[in-house]
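The next block holds one structure in the form of structure tokens; read it before the comments.
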2 protein chains.
Amino acid sequence: MSVTIKDVAKKADVAPSTVSRVISDSPRISEKTKRRVRSVMEEIGYHINYNGRVLVSKSTQTIGIVTKVSSVHSFDNPFFSEMLRGISDSCHESDYSLYLTTGNTEESIYKEVVKMVQGKRVDGVIVLYSRADDPVISYLRKSDCPFVMIGKPADRTSETMYVDNDNIQASLDVTDHLMKLGHKRIAFIGGDSQFEVARDRLNGFHQAFTKRGWKADDSWIRHIQTSSPDAQKVVDDLLELEDAPTAMVVTDDYNAMRVMNALRSRGLSLPQEMSIVGFNNTMIARLSTPALTTVDTQSVQLGYQSAEMLMDKLKHPDRINRSMIIPTIIVERESCIQKKDKGE
Amino acid sequence: MSVTIKDVAKKADVAPSTVSRVISDSPRISEKTKRRVRSVMEEIGYHINYNGRVLVSKSTQTIGIVTKVSSVHSFDNPFFSEMLRGISDSCHESDYSLYLTTGNTEESIYKEVVKMVQGKRVDGVIVLYSRADDPVISYLRKSDCPFVMIGKPADRTSETMYVDNDNIQASLDVTDHLMKLGHKRIAFIGGDSQFEVARDRLNGFHQAFTKRGWKADDSWIRHIQTSSPDAQKVVDDLLELEDAPTAMVVTDDYNAMRVMNALRSRGLSLPQEMSIVGFNNTMIARLSTPALTTVDTQSVQLGYQSAEMLMDKLKHPDRINRSMIIPTIIVERESCIQKKDKGE
DNA sequence: ATCTCATATGAAATCGTTACCATGAAATAA
DNA sequence: TTATTTCATGGTAACGATTTCATATGAGAT
């Protein structure tokens, strides 16, 4: 059917093993032979078949990417796309390829991961999320497939490779930022609370209050799922509180925009009547009006470094598992302003 | 190393070929043997190695995805993510996997495509864009690797599988929509003009004028690259025209939002002083203020159908090449209004 | 001239599956 | 009873590469 290493060998009058050595540019082959073999390869249009190589060399030069169950929506969210871009950039530099899971239920994703790991389609895996009791992670740990997760592991942190932000600190900082602007009643609107990142950010939020000897009211703490249309309800509830918040920390730009729209639909003018901060500094933060002040989690870096870390591990399997914290940066735009009437 | 079909065979006291038949659930094997073999597989933890299978069966059950050169930015743009989601959904249903190109220069993408096709890593390819003189397309045509493109082929249309919108009609419709609202001076702000879609939409724009016996002024036709910060300049130019447009057709939601921001920074209030329509109906169209009236190109469907078409071709290679037009729908939101002073 | 030792290349085993051909036993037909 | 099918399974050669071990050749040392 296609041109194989044997065809090249025959035509160049050498052994298949010699051709193989030419492919890998082995120093044991004379320049003369290399030239001859290469010109034959060119002539008869040879191209390596990776499956043959993988079978014996046991390396696919491919890494698998596992997205959230809600990947149905995670592609929507630029945060994921940006991580993917970072991963993609890094892989390209090292000549690795990407293999994507396509499932959209927890069950089917699990199966796909097993399939791609056991089936030897990938050398390693990057998991784009972190949550407790994840069967995918348990499986990856059992198998000896190297993997790195983006986000802090729910358990066995020290033996797991991960790259993450310091979400506690980031959340603390951004909440404090609002406090410095005079806000005392600050709402926290988190995302899907099953993910680790949600805990950390809520934690940091509380710490900001503790630091000042204040206390956040429980009624200020809310969650909205990216997938459900409950932004309006959460905002309504919040505005109807006796002491309605004057600022909001929303743990994701996308949700922040939904919240802003909900606020506007209640007639509030922004940022005058409500200060908002988002997270991730995605494209939408730049484009919103008012432009969103947000915590840049450097998603591209998150992806890039996770891929680097994984490929490093693949190259040196005996090296100990590292992990990495990517710094966050508060990007100030126009969605937060000094609270007018400080007393009250 | 790992558990192979031979280990199973030995333990179950059958031939490797029998195990292989059990895996594919061949009807030629008795239920009794199947049960026994399966229990052994379970017991010693067997899992198929796909590379071995691919080598002989010559089918990878994987399709490759090729993105624009500007993939650096295409991930940013939700349009691409949504197509990817559609592809992903379809592939998952048929148990196919996805293989992504990671390059970000024209040269490196080309190489990766050759690598994945010649290297037999994929059974077919989906190209997420269309432009003239694309070496990737020439290559795919030369090789006999089935592929489908999203967007109208620049040439040899009838022999190429593609899925596309009727962009000419869509653009005509949406321009006419603005005209019905009383607008006569309408700007067209296209994206990267190297892509086929840009031509079609400009074409439709002109046709809308022709249909009414009007003519679009050349100065109203502009282009902005997603990657460069020239939205403001384009807007400035347009506003400084003697007869500045009162409405704008922007061929992409993302750029539409950039244009809206540029307009606002010039002090215009929207939609009162400028009506805008976008394209693609991405998430950002829903979230913008005013919410963007846009042409829903059904990007998820675009992706979904392209994958279906490709997999169908893979299953029936002799079937003739089909192509498909996905209908577009104008989604009216708040960014377009009746022009106030009709006379003028 | 003989021996040693690189150097360049070849031969063959191997990786994990599948697919073709063969075969023995049981079932059916003559 | 014998011949002919059918059925369930076994044996083994691919598939396309890599890799280990072996070997011929020639250069240099003695």
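Naming convention: chains lettered A, B, ... in sequence-line order (proteins, then strands); numbering from 1 in each chain.
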Comparing B:R21 and B:G52 on DNA chain D - which has the more 5′ nearest nucleotide: B:R21
Rounded interatomic separation in angstrom, taking CZ from B:R36 and C1' from D:dT9: 11 Å
Applying a 4.0 Å non-hydrogen cut-off, can you work out what A:S24 is touching in the nucleic acid: base, sugar-phosphate, or nothing? nothing
Looking only at D:dA8, D:dG16, C:dA8, the nucleotide nearest the A:S30 side chain is C:dA8
Taking the axis from the first five pairs and the axis from the last five, what angle separates them in the helix from C:dA1-D:dT30 to C:dA30-D:dT1, rounded to 10 degrees? 50°
Within the 4.0 Å heavy-atom criterion, would you say B:K120 contacts the bases, only the backbone, or no part of the nucleic acid? nothing
If you compare every side-chain N and O of B:T18 against the phosphate oxygens of D:dG10 (OP1, OP2), does one of them come in below 4.0 Å? yes
With heavy atoms under 4.0 Å as the rule, sort B:D7 into base, sugar-phosphate or nothing. nothing
Determine, for A:R131 against A:E106, whether the closest basic-nitrogen to carboxylate-oxygen distance falls under 4.0 angstrom. yes
Whole angstroms only, please: what is the CD1-P distance between B:I23 and C:dT17? 6 Å
Is the terminal nitrogen or CZ of B:R121 (NZ for Lys, CZ for Arg) located under 6.0 angstrom from the six-membered ring centre of B:Y99 and within 45° of that ring's axis? no
Nearest-nucleotide check on DNA chain D, B:V14 vs A:T4; residue mapping nearer the 5' end is B:V14
Any side-chain N or O of A:R28 less than 4.0 Å from the OP1 or OP2 oxygen of C:dT7? no
Distance check needed: C:dT17 P versus B:N51 CG, whole Å only. 10 Å
Using a cut-off of strictly less than 4.0 Å, decide whether B:Y46 has a side-chain nitrogen or oxygen near OP1 or OP2 of C:dT17. yes
Between the base of D:dA17 and the side chain of A:S57, is there a donor-acceptor distance below 3.5 Å? no
Flag the pair B:E308 and B:R322 as a salt bridge only when some basic side-chain nitrogen lies within less than 4.0 angstrom of an acidic carboxylate oxygen. no
CA sep, side-chain torsions, deciding dist, call: B:T4, B:N49, side-chain contact (heavy atoms from CB on, under 4.5 Å): CA-CA 8 Å; B:T4 79; B:N49 179 319; over 6 Å; no
Take A:S108 and A:T105 through the test side-chain hydrogen bond (donor to acceptor under 3.5 Å, both in side chains) and record every step on the way to the result. CA-CA 5 Å; A:S108 73; A:T105 67; 3.1 Å; yes
If the cut-off is 4.0 Å, is B:K58 near the phosphate of C:dT18, judged by side-chain N/O to OP1 or OP2? no
Are the charged groups of B:R141 and B:E159 less than 4.0 angstrom apart, N to O? no
What nucleotide among D:dA17, C:dG16, C:dA11 has an atom nearest to a side-chain atom of B:V56? C:dG16
So, using side chain to side chain contact (heavy atoms under 4.5 Å, CB included) as the criterion, who are the partners of A:R319 when residues are at least two apart? A:D312, A:H316
What nucleotide, of C:dT9, D:dC15, D:dT18, holds the atom closest to the side chain of A:I29? C:dT9
Salt bridge between A:R38 and A:D25, side-chain N to carboxylate O under 4.0 Å? yes
A:S17 side chain: which of D:dT12, C:dG16, C:dA12 is closest? C:dA12
D:dA13 P sits how many Å from A:K6 NZ, rounded? 13 Å
A:I5 has an atom CD1; how far is it from atom C1' of D:dA14, in whole Å? 16 Å
Rounded to the nearest Å, what distance is computed from the NZ atom of residue B:K32 to the P atom of nucleotide C:dA25? 15 Å
Distance, rounded to the nearest Å, where B:Q61 contributes CD and C:dT17 contributes P: 16 Å
Whole-Å distance between C:dT18 P and B:Y50 OH? 10 Å
